2 protein chains.
Amino acid sequence: MPFPMDAKAILKDHIAKIVSLTDEQFDYVFSHFKQQSYKKGQAIISEGDKVDCEYFVLEGCLKSFYINDEVKMFILQFAMPTWWASDYNALYNGGRATISVDCITDSQVLCLNSADREKLCNEIHPVEHFFRWRTNKGYVAAQKRLLSFMNNDARHRYEELMALYPALYNIVPKQLIAAYLGVSRETLSRLYNS
Amino acid sequence: MPFPMDAKAILKDHIAKIVSLTDEQFDYVFSHFKQQSYKKGQAIISEGDKVDCEYFVLEGCLKSFYINDEVKMFILQFAMPTWWASDYNALYNGGRATISVDCITDSQVLCLNSADREKLCNEIHPVEHFFRWRTNKGYVAAQKRLLSFMNNDARHRYEELMALYPALYNIVPKQLIAAYLGVSRETLSRLYNS
DNA sequence: TTTCGAATGTGATGTAGGTCACACAGCAAC
DNA sequence: GTTGCTGTGTGACCTACATCACATTCGAAA
């Protein structure tokens, strides 16, 4: 399958869960997205890049991550189909990327330019509503994860993650799961062998 | 000073930094806010409450926090003037509060009902834009804090916090700063005595 | 002024998880 | 096949921080 069944239908479905657009409106919105394929391991946003798009995942799996001075990686998010990813700080504040995004598996995405997003939000009120909803969801999720970090130990966070996204276990190397949980791969390995 | 100089002017200013509203529009928006005073230590949202408002701080300082089974407190946010606070998860998903909000000092706030917020967002496009912007800012901040948790030790996070909000040091008991940093009060105490 | 409670400091000790080291997979390219 | 590279397990340590216990300071109430 060279392409996901139907990029347009997937996005339409996703948006329709939150707001109602007429077919004309949606066609117009969709015309601003650009479909792209990436190979496993390929970078979408690298540290230092100018960031001007956000990415809607159609197929595959992305990660957004930060690498510190000791070259240690921390994963902010795994992005599965119908999730969005970007360096939102750079995207909104116009700076260079500090967060990188790349492909864990071969992936299909739709890119939306930031200027276009703002234009669409401006022109079509429900689109702005959609993006407010989406960002709000991200915000609540980030707060939850923050609390989990303060509250729970590594084993607890591991079990939480597996309960929430059991699919990850098979798709994602454990190294990356460790980088998401904020523990060393050694510790993670010891966690589920006991 | 029984009341902040002018609640209306403060909110107007705050919103005007992001979007332009006509005076009529703003008056209409403002008419949905309810001003309230709280005493130091007073609860605004308690665990288990039905949550239907968010709070804009005019004066004073609030905290939003979570208390776990071992009765240990974790602080999500200190809300200073012109900041917003609530249990956004409960507010948007209609559940009961798991996050509490109370007053660190005597405070003046403006309350906005969630139904009213949605109504205003619907009726006045720029208002929706404002709230998207605000939520986005919160989202980016939460992600930054997450990274800081994964990346930095307690001392680093402490210095980060003090650099960002030096005012906190004088206003807020160190216990609470510890609860924000996610360390014990003892550890925090040892941090800055060395 | 005294008294009481809350907030803070400080020592002794325990532990989760980090780091380093090395071994052993599995898979891709040749 | 063999060479590598990337992922994973496992042991021996080490360190940051938690916890418990008790001392001290400070502010508000009496």
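Letters go in sequence order (proteins before strands), and every chain restarts at 1. This one's a predicted model, so the numbers in the text were calculated from it and none came from an experiment.
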Looking at [options], which one has an atom nearest to any side-chain atom of [X]?
{"X": "B:P173", "options": "C:dG9, C:dG17, C:dT8", "answer": "C:dT8"}
{"X": "B:Q175", "options": "C:dA7, D:dG9, D:dT19", "answer": "C:dA7"}
{"X": "A:E186", "options": "C:dT19, D:dT8, C:dA16", "answer": "C:dT19"}

Starting from [atom2] on [N], measure out to [atom1] on [X] and report it in whole angstrom.
{"X": "B:I177", "N": "C:dG9", "atom1": "CD1", "atom2": "C1'", "answer": "16 Å"}
{"X": "A:L191", "N": "D:dG9", "atom1": "CG", "atom2": "C1'", "answer": "13 Å"}
{"X": "B:L188", "N": "C:dT10", "atom1": "CG", "atom2": "P", "answer": "13 Å"}
{"X": "B:Y192", "N": "C:dG9", "atom1": "OH", "atom2": "P", "answer": "4 Å"}
{"X": "A:L176", "N": "D:dT6", "atom1": "CG", "atom2": "C1'", "answer": "12 Å"}
{"X": "A:E70", "N": "C:dC20", "atom1": "CD", "atom2": "P", "answer": "10 Å"}
{"X": "B:R185", "N": "D:dC22", "atom1": "CZ", "atom2": "P", "answer": "14 Å"}
{"X": "A:K174", "N": "C:dG26", "atom1": "NZ", "atom2": "P", "answer": "13 Å"}

Distance to the ring centre below 6.0 angstrom and angle to the axis at most 45 degrees; does that hold for B:R117 and B:Y92? yes

Assess B:R145 against B:Y180: is NZ or CZ under 6.0 Å from the centre of the six-membered ring, and within 45 degrees of the ring's axis? yes

Describe the nucleic acid contact of B:G182 in one word from base, sugar-phosphate, nothing, applying a heavy-atom distance below 4.0 Å. sugar-phosphate

Side-chain donor or acceptor of B:E59 paired with backbone N/O of B:D106 under 3.5 Å: no

In the structure I gave you, are the side-chain heavy atoms of A:F56 and A:L112 within less than 4.5 Å of one another anywhere? no

Would you kindly compare A:A154 and B:N193 by the position of their nearest DNA chain C nucleotide and give the one closer to the 5′ end? B:N193

Phosphate-side-chain proximity, [X] and [N], N/O vs OP1/OP2 below 4.0 Å:
{"X": "A:K72", "N": "C:dG18", "value": "no"}
{"X": "A:T187", "N": "C:dG17", "value": "no"}
{"X": "A:S184", "N": "C:dT19", "value": "no"}

Do the side chain of A:R190 and the base of C:dT19 come within less than 3.5 angstrom through a donor-acceptor pair of N or O atoms? yes

Give a yes-or-no answer on whether the side chains of B:Y28 and B:E24 include a donor-acceptor pair shorter than 3.5 Å. no

